[in-house]
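One structure below.
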There are 2 protein chains.
Amino acid sequence: MAHPRGGPERATIRRVAEVAGVSPSTVSRTFSHPHLLRPSTVERVSSVAAELGYVPDGSAQALKTGRRGVIGLVVPDIANAFFPPLIRAAQTAAEKAGLSTIIGDGNEDGTKEAAMVGRLRGQTDGIILASPRTREPVLRSLHEVTRLVLVNRDLAGVPRVLIDSAPGMRSCVRLLAGAGHTRIAYVNGPAASWSNGERLAAIEDACREHGIALTTLRARLPDHDGGRAAAAEVLELGVTAAIAFDDVLGQGLLAGLAERGVRVPHDFSLTACDDTVSATTYPPMTTVGCPIREAGVAAVELLVESLRGSDDGDGNGDGDRVRRLPAEMVVRGTVGRCRER
Amino acid sequence: MAHPRGGPERATIRRVAEVAGVSPSTVSRTFSHPHLLRPSTVERVSSVAAELGYVPDGSAQALKTGRRGVIGLVVPDIANAFFPPLIRAAQTAAEKAGLSTIIGDGNEDGTKEAAMVGRLRGQTDGIILASPRTREPVLRSLHEVTRLVLVNRDLAGVPRVLIDSAPGMRSCVRLLAGAGHTRIAYVNGPAASWSNGERLAAIEDACREHGIALTTLRARLPDHDGGRAAAAEVLELGVTAAIAFDDVLGQGLLAGLAERGVRVPHDFSLTACDDTVSATTYPPMTTVGCPIREAGVAAVELLVESLRGSDDGDGNGDGDRVRRLPAEMVVRGTVGRCRER
DNA sequence: TTGTATGCGTTATCAG
DNA sequence: CTGATAACGCATACAA
């Protein structure tokens with residue numbers, strides 16, 4: 001009915017030109033450079049175009065101009081609560097720059113991730129890789145052939161935005177120290193995660209400074225169930241507080257503790273990182289508020305810069321472009337005074 | 001460094017042909033129809049292409065073939081926990097069909113949503129609209145000019161997949177009735193939501209059947225805080241159980257009840273819908289497990305069918321394509337025997 | 001099995 | 001301010 005056969009007959013620039021009684025160039029200019037045309041012409045052509053349901057064919061535009069108007073955004077796992085806000089912010093920022101966003105899911109797998117980038121290369125103007133699991137040399141060779149921006153991966157020479165969770169992590173340790181805790185545990189995140197390394201280092205450092213004994217462990221999987229299972233292990237350690245790699249793990253820990261009758265923050269203290277779900281736990285969780293949205297926007301900005309930088313023949317912009325965004329602690333309700341158990 | 005100026009010099013099919021000592025069409029066939037070529041030729045061309053970092057230009061392919069290899073997926077809010085799993089599943093299914101996915105965020109705004117679709121129209125082969133907030137006539141006119149698939153919106157004539165939460169909702173009412181509850185409340189979701197209407201109707205029906213008195217209310221906003229605030233209101237109603245439109249609202253309710261010292265399920269019973277976060281609440285929430293991933297896959301399948309249907313000149317497929325996916329109750333720990341308060 | 005020629009829809013360049 | 005023309009990179013019909 002709507003599409004009798006062969007799909008909707010897409011109106012072309014030529015058809016609009018015919019009906020409007022102008023040349024194809026004029027139709028083109030109506031959409032790309034209306035300021036070069038007499039207002040009345042723009043008006044007339046526009047209305048004809050609307051009537052015919054004409055939309056410029058992106059493929060043809062891309063072929064001619066070399067700009068596809070599409071960027072790629074590859075994340076390890078769309079369903080991980082960390083990424084949707086980032087995606088949303090990036091997508092909005094990109095749209096403002098007239099860019100659409102293709103999402104790629106790397107499935108927490110560096111190889112798949114790299115393959116995605118390879119695929120996307122032919123359909124996009126540039127790609128943002130968030131928390132890439134890809135190995136460094138591969139990442140570098142990808143950067144040779146595509147405009148790349150990294151999020152939370154520190155690779156000199158590649159434009160990148162880094163969320164610096166160290167200050168927030170230090171604050172957490174300080175908060176725990178102030179509450180009298182002297183033995184705490186850190187529950188690690190994914191091994192391939194740059195952020196995990198950074199967080200661990202900051203915590204180790206702060207613990208040294210405050211004379212706190214730190215034990216580290218790794219959940220079976222860095223997800224909710226992993227955290228829940230890790231609760232038992234944490235309790236056996238004889239610590240009075242724990243810091244989780246991220247909110248998901250923290251929330252799992254919280255559930256695991258509740259299941260075992262351990263009341264937070266009365267009997268045990270807990271902090272996490274990211275502020276993705278900690279406002280919705282009960283009790284609300286003290287965490288480190290990562291500027292996830294800002295990171296998404298910054299990544300798009302870097303990419304857009306890089307895109308523009310290649311429009312003029314000038315090859316500047318050689319500076320090592322990095323944007324560091326500090327993450328600060330958000331105090332909620334999961335830290336209490338130390339009580340020996 | 002990597003991109004001296006003018007960006008990475010993209011290798012073209014012609015350049016590969018030169019280096020490999022074959023004609024451009026042979027290079028083309030190497031990628032599109034390798035079976036038409038002598039294996040040794042494919043081998044040689046492939047290696048040259050790899051060396052040069054050649055990737056077929058999507059825009060040129062699209063222009064020539066009329067197939068862009070990209071579909072659009074527009075959702076009201078990427079950050080809403082309901083959509084990431086759907087996006088992920090759809091994206092994976094699309095990839096298997098050789099399609100990339102552009103995500104659009106409609107910002108819970110029908111007008112923006114429609115504008116997004118208009119924009120995406122020129123860059124995609126078809127668009128999936130999940131839980132569209134767009135008004136029916138607009139949706140219909142969009143369908144005139146683009147291949148469209150709807151999720152959770154029942155518009156005759158437009159291919160659509162509908163998650164039927166009615167059976168699950170009925171089960172919830174039955175479960176509550178069995179536990180002795182005779183007065184319950186339903187906390188509504190977004191007014192423009194088709195799903196909310198369906199759920200409410202099913203609950204009303206089941207309550208009649210079981211002789212349960214139903215009160216309905218609407219949270220300020222259908223989010224976590226809205227649910228938390230609604231807890232007070234629900235308690236004043238004098239009901240002994242509540243059903244929330246979705247998990248997010250339910251989780252908020254759970255938090256609000258906990259804050260007021262009401263223990264779930266001992267003092268009060270609660271169920272929700274979607275199964276997005278209810279496995280991670282404490283206690284884990286009894287809910288209705290919507291086949292979100294299946295819906296995403298089904299939507300892609302419908303779209304792919306529709307895409308293929310227009311390849312051959314045959315204009316069949318006029319049947320009203322609908323896929324209904326039943327949602328069943330998932331029992332967890334938030335329903336207990338009725339205890340008058 | 002491979003090469004040659006043409007055109008997809010658009011925009012940039014150049015004339016007028 | 002507007003029109004004619006060529007070319008973007010590729011896939012295909014046709015020729016060899």
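Letters go in sequence order (proteins before strands), and every chain restarts at 1.
Side-chain proximity of B/Val22 to C/dG3, C/dT2, D/dG9: nearest is C/dG3. Checked against C/dC8, C/dT11, D/dC10, the side chain of A/Thr65 finds its nearest nucleotide in C/dT11. Closest to the side chain of A/Arg14, out of C/dA12, C/dT10, C/dT2, is C/dT10. You'll find that the side chain of B/Lys64 is closest to D/dA11, out of C/dT11, C/dG3, D/dA11. Checking D/dG3, C/dT2, C/dT10 against every side-chain atom of A/Ser23, the shortest atom distance belongs to D/dG3.
Between A/Thr41 and D/dT2 there is a side-chain polar atom (N or O) within less than 4.0 angstrom of OP1 or OP2. Between C/dG3 and B/Thr26, a contact under 4.0 Å exists linking OP1 or OP2 to a side-chain N or O. Proximity of A/His33 to the phosphate of D/dC1: no side-chain N or O atom is located under 4.0 Å from OP1 or OP2. Using a 4.0 Å cut-off, some side-chain N or O of A/Ser32 falls inside it from OP1 or OP2 of C/dT11. Within the structure, every side-chain polar atom (N or O) of A/Thr12 is placed at least 4.0 Å from both OP1 and OP2 of C/dG9.
In this structure, A/Arg68 places its CZ atom 20 Å from P of C/dG9, rounding to the nearest Å. As a whole-Å value, the separation of A/His35 NE2 from D/dT2 P is 13 Å. One atom, CG of A/Asp125, and another, P of D/dC8, lie 19 Å apart when rounded to the nearest Å. Atom CD1 of B/Ile13 and atom C1' of C/dA5 are 14 Å apart (whole Å). Between the CD atom of A/Gln61 and the C1' atom of D/dA7 there is a distance of 16 Å, given to the nearest Å. If you measure from atom CZ of A/Arg15 to atom C1' of C/dT10, you get 18 Å, rounded to the nearest angstrom. The separation between A/Leu36 atom CG and D/dC1 atom P is 9 Å, rounded to whole Å. Between A/Phe31 atom CZ and C/dG9 atom C1' there is a gap of 13 Å when expressed in whole angstrom units.
Counting atom types as modelled, B/Arg29 pairs a side-chain N or O with a base atom of C/dG3 as donor and acceptor under 3.5 Å.
If you check the side chains of A/Thr124 and A/Arg68, you find no donor sitting under 3.5 Å from an acceptor. Side-chain contact of B/Ser100 with A/Gln123: a donor-acceptor pair under 3.5 Å is present, judged by distance alone. Checked by atom type, the side-chain pair A/Arg153/A/Ser131 shows no donor-acceptor distance below 3.5 Å.
A salt bridge is defined here as a Lys NZ or Arg NE, NH1 or NH2 lying under 4.0 Å from an Asp or Glu carboxylate O, and B/Arg140 with B/Glu136 meets this definition. By the 4.0 Å N-to-carboxylate-O rule, B/Arg147 lies too far from B/Asp125 to be salt-bridged with it.
At a threshold of 4.0 angstrom between heavy atoms, the contacts of B/Leu63 include nucleobase atoms, whether or not backbone atoms are also involved. Contact annotation for B/Pro56: backbone-only contact, meaning every heavy-atom pair under 4.0 Å involves sugar-phosphate atoms and none involves a base.
The environment of B/Arg15 atom CZ is sparse: at most 12 non-hydrogen atoms of other residues, nucleotides or ligands sit within 6.0 angstrom.
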